[in-house]
Amino acid sequence: MSMTAPAARPVNPRFSSGPCAKIPNFSLDMLADAPLGRSHRAAIGKSKLAEAIDLTREVLGVPADYRIGIVPASDTGAVEMALWSLLGPRKVEMLAWESFGEGWVTDVVKQLKLDATTRKAPYGQIVDFAEVDFNNDVVFTWNGTTSGVRVPNGDKIPADREGLTICDATSAAFAMDLPFDKLDVVTFSWQKVLGGEGAHGVLILSPRAVERLESYVPAWPLPKIFRMTKGGKLIEGIFKGETINTPSMLCVEDYLVALKWAKSLGGQKALEARANANAAAIRDFIATRDWIADLAEDPATASTTSVCLKFTDPRIKDGAAFAKAVAKRLEKEGVALDAGAYRDAPAGLRIWCGSTVEASDVAALMPWIEYAFNAEIEAQAVEA
């Protein structure tokens with residue numbers, strides 16, 4: 001067992017799954033153009049918000065007839081707006097394979113009290129979409145941030161579906177190919193793949209979703225922060241930069257910087273390629289080790305952003321304590337910050353591989369994980 005510390009170190013040790021690493025070479029000087037102290041309703045504020053919406057459409061490839069709105073309360077706020085405003089007139093199917101999907105099940109079943117069909121899969125797997133009835137409204141996460149699995153594509157979502165598809169894409173947008181023709185609602189937070197600051201969400205609506213909003217009034221009261229219609233018509237201003245509540249213009253500027261960086265690389269395809277390379281650096285490494293494995297059971301559904309790993313060595317006596325000790329050692333060495341598994345997930349590590357991360361940093365981290373693993377195995381033996 002080698003206990004020699006690796007020579008190379010990640011230049012940026014930030015592997016948190018949210019908020020995530022800033023764009024390469026980020027500097028606060030990049031935000032100098034932020035209109036601080038100005039109203040978001042002033043011409044300059046409106047223009048910045050409109051530019052953010054336009055660049056989001058351009059980089060993600062959102063169809064021209066889909067609405068894009070910047071909304072409060074991060075991805076959570078965007079999802080809640082959709083659930084509370086759109087669900088009710090049709091049967092609902094809730095798909096869950098990790099903690100955030102479970103949260104949406106709780107909201108729909110226990111708060112909205114809808115009689116929903118719930119389909120669940122354990123961590124490391126996803127629900128079989130072939131079993132889903134898309135004539136119902138269907139709610140699901142595209143990428144399980146806490147479970148390291150994702151929907152591989154939209155092939156099993158029918159184009160002629162009668163229900164709406166409501167997709168929480170917060171750790172997928174910008175790093176994975178989202179088939180907008182198969183998705184009626186897409187939500188995300190720019191704190192994930194583009195490494196933006198927290199608290200702001202993005203809500204994307206298809207024409208079918210807008211039609212539902214304008215033709216259906218929920219039976220329950222809607223807080224002001226969720227309301228997207230007035231007099232039976234969509235409040236179009238929300239989707240032109242007239243936000244429901246006051247946004248941080250500093251955060252908006254930060255998002256604009258990240259969007260322009262993404263565009264300069266070549267847009268969506270370039271961002272996907274970066275995430276794919278990052279995830280490959282991990283999977284190439286663990287493929288030759290028998291003490292660590294991917295939490296995702298099927299390579300076809302393995303995430304390329306939130307890569308979750310589990311320790312498999314039979315010598316490990318307490319899996320949760322061991323994984324926490326490895327994560328703590330990595331942080332103490334300054335090579336991986338915030339790399340522990342999510343609190344509700346199986347014990348292990350979670351390495352963010354989104355598009356702002358450099359593949360060279362991921363590659364440099366992997367020998368350190370092996371070093372930390374060996375150190376903890378030895379420490380465990382000494383304690384015994």
Side-chain angles (χ1 to χ4, degrees), residues 53 56-57 60 62-73 75-96 101 103-119 129 132-142 151 154 156-170 173 178-188 201-240 242-244:
I53 289 171
T56 299
R57 187 182 304 279
L60 276 181
V62 179
D65 58 350
Y66 279 50
R67 269 68 160 203
I68 302 174
I70 296 170
V71 301
D75 175 65
T76 301
V79 175
E80 297 287 15
M81 287 176 70
L83 299 183
W84 286 71
S85 299
L86 292 166
L87 296 184
R90 282 185 174 272
K91 293 182 179 179
V92 181
E93 295 204 25
M94 303 295 300
L95 315 184
W104 307 142
V105 171
T106 296
D107 283 358
V108 170
V109 174
K110 294 186 178 181
Q111 302 301 321
L112 293 176
K113 302 187 185 304
L114 294 176
D115 184 15
T117 297
T118 300
R119 302 182 187 275
F129 273 52
V132 178
D133 183 356
F134 285 94
N135 289 325
N136 300 326
D137 291 336
V138 181
V139 181
F140 62 99
T141 55
W142 190 272
V151 180
K156 293 183 179 179
I157 301 175
D160 61 349
R161 63 192 177 279
E162 294 182 10
L164 297 180
T165 49
I166 300 176
C167 176
D168 172 0
T170 197
L178 297 174
F180 284 98
D181 61 322
K182 301 295 184 71
L183 304 174
D184 294 298
V185 177
V186 175
T187 70
F188 65 88
V202 175
L203 175 66
I204 302 176
L205 302 177
S206 74
R208 298 178 72 244
V210 173
E211 181 183 14
R212 170 74 65 83
L213 283 170
E214 294 184 335
S215 62
Y216 163 67
V217 178
W220 43 81
L222 279 182
K224 177 183 177 181
I225 206 167
F226 289 173
R227 294 176 209 153
M228 291 182 278
T229 61
K230 185 175 182 179
K233 291 294 181 182
L234 189 73
I235 303 173
E236 294 285 0
I238 296 172
F239 306 94
K240 296 178 181 177
E242 298 171 16
T243 54
I244 295 173

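- Between I166 atom CD1 and L95 atom CG the span is 11.0 Å, to the nearest 0.5 Å.
- Judged as a salt bridge (Lys or Arg N to Asp or Glu O under 4.0 Å), the pairs with a partner in residues 213-240 (not counting sequence neighbours) are, in order, R67-E236.
- Remark: side-chain polar atoms of K113 are paired, donor with acceptor, to backbone N or O of K110 under 3.5 angstrom.
- Partners of E93 under the salt bridge (charged side-chain N to carboxylate O under 4.0 Å, His left out) rule, at least two apart in sequence or in another chain, are R119.
- Between atom CG of residue L203 and atom CD1 of residue I70 there is a gap of 11.0 Å, rounded to the nearest 0.5 Å.
- Minimum heavy-atom separation, V138 to D133: CG2-O, 3.9 Å.
- Residues V92 and V108 come closest through the heavy atom pair CG1-CG1, 4.4 Å.
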For the pair N136 and E162, evaluate side-chain contact (heavy atoms from CB on, under 4.5 Å) and give the outcome as yes or no after the intermediate values.
-> CA-CA 7 Å; N136 300 326; E162 294 182 10; over 6 Å; no
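- Using the six-membered ring where Trp is involved, F134 and F129 have ring planes that are tilted, between 30° and 60° apart.
- Formation of a donor-acceptor pair under 3.5 Å by the D75 side chain with backbone atoms of F188 is found in this model.
- The minimum heavy-atom distance between P218 and S85, with the atom names listed, is CG-O, 3.7 Å.
- For L213 against T229, the heavy-atom pair with the smallest separation is O-CG2, 3.6 Å.
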Start with the C-alpha gap between V71 and M81, add the side-chain angles, then the distance that decides, and say whether side-chain contact (heavy atoms from CB on, under 4.5 Å) holds.
-> CA-CA 9 Å; V71 301; M81 287 176 70; 3.7 Å; yes
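- If you take CD1 on I238 and CE on M228, they are separated by 7.0 Å, rounding to the nearest 0.5 Å.
- Exactly one residue among R90, K91, R212 makes a side chain to side chain donor-acceptor pair (under 3.5 Å) with D137. That residue is R212.
- Using a 3.5 Å distance cut-off with no hydrogens or angles, the side chains of D184 and S206 do pair a donor with an acceptor.
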Just do the side-chain contact (heavy atoms from CB on, under 4.5 Å) check on V186 and F180 with the steps written out, would you?
-> CA-CA 8 Å; V186 175; F180 284 98; 3.8 Å; yes
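- Contact between W84 and L222 at its shortest, heavy atoms only, is O-CD2, 3.5 Å.
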Go through the steps to decide whether L114 and V109 satisfy the test side-chain contact (heavy atoms from CB on, under 4.5 Å), and finish with yes or no.
-> CA-CA 5 Å; L114 294 176; V109 174; over 6 Å; no
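- Looking at T187, its side chain never comes within 3.5 Å of a backbone N or O of I204 through a donor-acceptor pair.
- Residue E80 holds its CD atom at 5.0 Å from CH2 of W104, rounded to the nearest 0.5 Å.
- The backbone N or O of L112 lies less than 3.5 Å from no partner atom in the side chain of W220, so there is not a single donor-acceptor pair.
- Atoms CD1 and CG, from I68 and L60 in turn, are 7.0 Å apart once rounded to the nearest 0.5 Å.
- Heavy-atom minimum distance, L183 versus R161: N-NH2, 3.8 Å.
- Annotation: side chain of T165 is not in contact with side chain of V185 (no heavy-atom distance under 4.5 Å).
- Ring planes of W142 and F140: tilted class, angle from 30 to 60°.
- Between E242 atom CD and I235 atom CD1 the span is 10.0 Å, to the nearest 0.5 Å.
- Taking D115 as the reference, nothing meets the side-chain contact (heavy atoms from CB on, under 4.5 Å) condition, with sequence neighbours excluded.
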